[in-house]
Amino acid sequence: MLDCTPKEIKERTGGAINPAKTCQPIGAMYAALGIHKCLPHSHGSQGCCSYHRMHLTRHFRDPIMASTSSFTEGASVFGGGANLKTAIKNVFAIYNPDIMAVHTTCLSETIGDDLPTIIRTAEIPEGKVVIHANTPSYQGSHVTGFSNMTKGMVNYLSEATLETKKNQANIIPGFVNPGDMREIKRIINTMGIKFIMFPDTSGVVDSPMTGEYVMYPRGGTRLADLKDTGNSKVTIALGSYASSDAANQLERKCQVPAIVLKTPIGIKATDQLLMTLRRQFAVEIPYELEEERGQLVDIMTDTHFHFHGKKVAIFGDPDIVLAMTEFVLSLGMKPIYVLTGTPGTAGAIGSNLGNFEDDVRELLEEANIEGRVKAGGDLFELHQWIKNEKVDLLIGNTYGKYIARAEDLPFVRLGFPILDRSVHSYLPVVGYKGAMRLLEMISNALLDRADRDASDEDFELVM
Ligand code: SF4
């Protein structure tokens, strides 16, 4: 497996091999699915749209709907305005969504289609809405696309209509699974705080089987709620790469203060979310959540010897990887390789949202661990690092399974996409409950390996 990957690392100036990211529009499509009765629309040639729908379908194992402007060569030269106008007419006539959320591909970005003007001059039926976000695929990654579409929702829909802000929070959950969105909602509901989550794909890409196909399932943030985000007291953006841009735009447009936190993976990041909510809304943390936290600490204490000192390689999307790095450090593990495919060094194209490398290095330095950290890296390079110094565990999306097999490593699947296992998108990795699940996944992977490698006389019943 991967026999052509050499151990010797040479500086590469161009080209990625086995990238650890995909392009912007898929993130925008996912974000748009988090609006109730919304049909995502891809403004470009139809190949992109099919690919992105297929990829999301494989991860969520649910139907993923989207329409496309279906560019031909003519539109690619003379502009896709007519295509989009025809699409808007057809989509509302045939599929009847409440809202269309248009994103772009590298084709329409390169020819420079002026989407605001096309949309303004299109025939949009009374009571229906069309929003857009520019999502050039040659900038950033799918996470940038998610961020851009979420910001597009604020640009088009958020309104500050009240003089006094309502005692409610906006929650931007970031590029996470519907199971995570449900868990974040459960936590905030348990605290008794009113909130609007956007986008919210729970109930859309994890909808139940009823025997009848429903094009627009019950889930998704309602249009009225999206408008009302401008009246909230505060916006909490979970994960700076996926969520901070929209939160900052909401602050500029409607004077709703933005607070950017880590994705709440692990005990520390979950504590921060709860303490922020407690401070903002002057509420006490209910016993139910205290109990969950205490259970998590209990499990961490019971099992610490499984984790202590184990070397880990983590890759994936920056918000998830950063929070996961913090979590494995709290377990006494050593994350010696941390990599994201999303560009994340300040100044790089499409990366005005944070500094992944600095943030991870700070965590490693605090824990006195020497490691390699890279934003905008690829899995070829990660594999080379591992060939030079082996790790005890690999954590990342499905594409990591090739490295895990080549190097015979225990592997925990986390992030997007996971194409070779099911159920994962229904269950959380965020919050205290999600941390318990991660602990189980990590210790199962390590103990299965210990069982497999043990000689007969060392094969333990109790571990
Ligand atoms: S990189 Fe460009 S052409 Fe390829 S799928 Fe993404 S938007 Fe489409």
Side-chain angles (χ1 to χ4, degrees), residues 12 14-33 38-60 63-81 83-84 87 91 100-116 118-119 131-152 175 205 241-242 245 316-318 340-344 348-351 353 375-380 397-399 415-419:
R12 266 182 294 144
I17 308 171
N18 296 335
K21 64 159 188 166
T22 182
C23 64
Q24 283 207 42
I26 193 169
M29 190 182 277
Y30 182 52
L33 289 164
C38 175
L39 192 70
H41 181 88
S42 169
H43 185 57
S45 52
Q46 65 192 34
C48 312
C49 184
S50 322
Y51 167 70
H52 297 140
R53 287 180 59 197
M54 176 205 69
H55 218 56
L56 291 170
T57 301
R58 286 179 172 175
H59 177 85
F60 295 109
I64 301 295
M65 289 301 133
S67 52
T68 166
S69 296
S70 292
F71 274 38
T72 54
E73 288 82 350
S76 310
V77 175
F78 299 112
N83 293 50
L84 183 53
V91 162
M100 272 176 83
V102 183
H103 61 261
T104 52
T105 68
C106 41
L107 173 52
S108 53
E109 282 297 326
T110 303
I111 63 173
D113 269 353
D114 176 5
L115 261 73
I118 301 170
I119 292 170
I131 68 171
H132 98 277
N134 288 91
T135 50
S137 7
Y138 32 76
Q139 274 189 0
S141 74
H142 54 294
V143 180
T144 323
F146 181 95
S147 162
N148 283 338
M149 182 50 82
T150 310
K151 188 175 166 190
F175 198 133
V205 297
Y241 281 81
D245 240 8
D317 297 340
T340 180
T342 298
I349 289 176
S351 68
L353 304 173
D378 61 26
L379 297 187
F380 181 83
N397 65 39
T398 284
Y399 290 97
F416 175 85
I418 293 176
L419 310 169

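In listed order, ligands and their atoms are each counted from 1.
Here the straight-line distance linking atom CD1 of I26 with atom OG1 of T105 works out to 13.5 Å at 0.5 Å rounding.
In this structure, atom 4 (Fe) of ligand 1 has no protein heavy-atom contact shorter than 4.0 Å.
Around atom 6 (Fe) of ligand 1, protein N, O or S atoms at less than 2.8 Å number 1.
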**Request:** Evaluate the criterion side-chain hydrogen bond (donor to acceptor under 3.5 Å, both in side chains) for residue pair H142 and T22; output intermediate values, then yes/no.
**Result:** CA-CA 5 Å; H142 54 294; T22 182; 5.6 Å; no
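There is no side-chain donor-acceptor pair under 3.5 Å between H43 and T104. In the model, Q24 has no side-chain atom that pairs as donor or acceptor with a side-chain atom of T144 under 3.5 Å.
Annotation for G80 and D113: closest pair N-OD2, 3.0 Å, computed over non-hydrogen atoms.
Applying the salt bridge (Lys or Arg N to Asp or Glu O under 4.0 Å) test to R12 and every residue at least two apart in sequence or in another chain returns D378.
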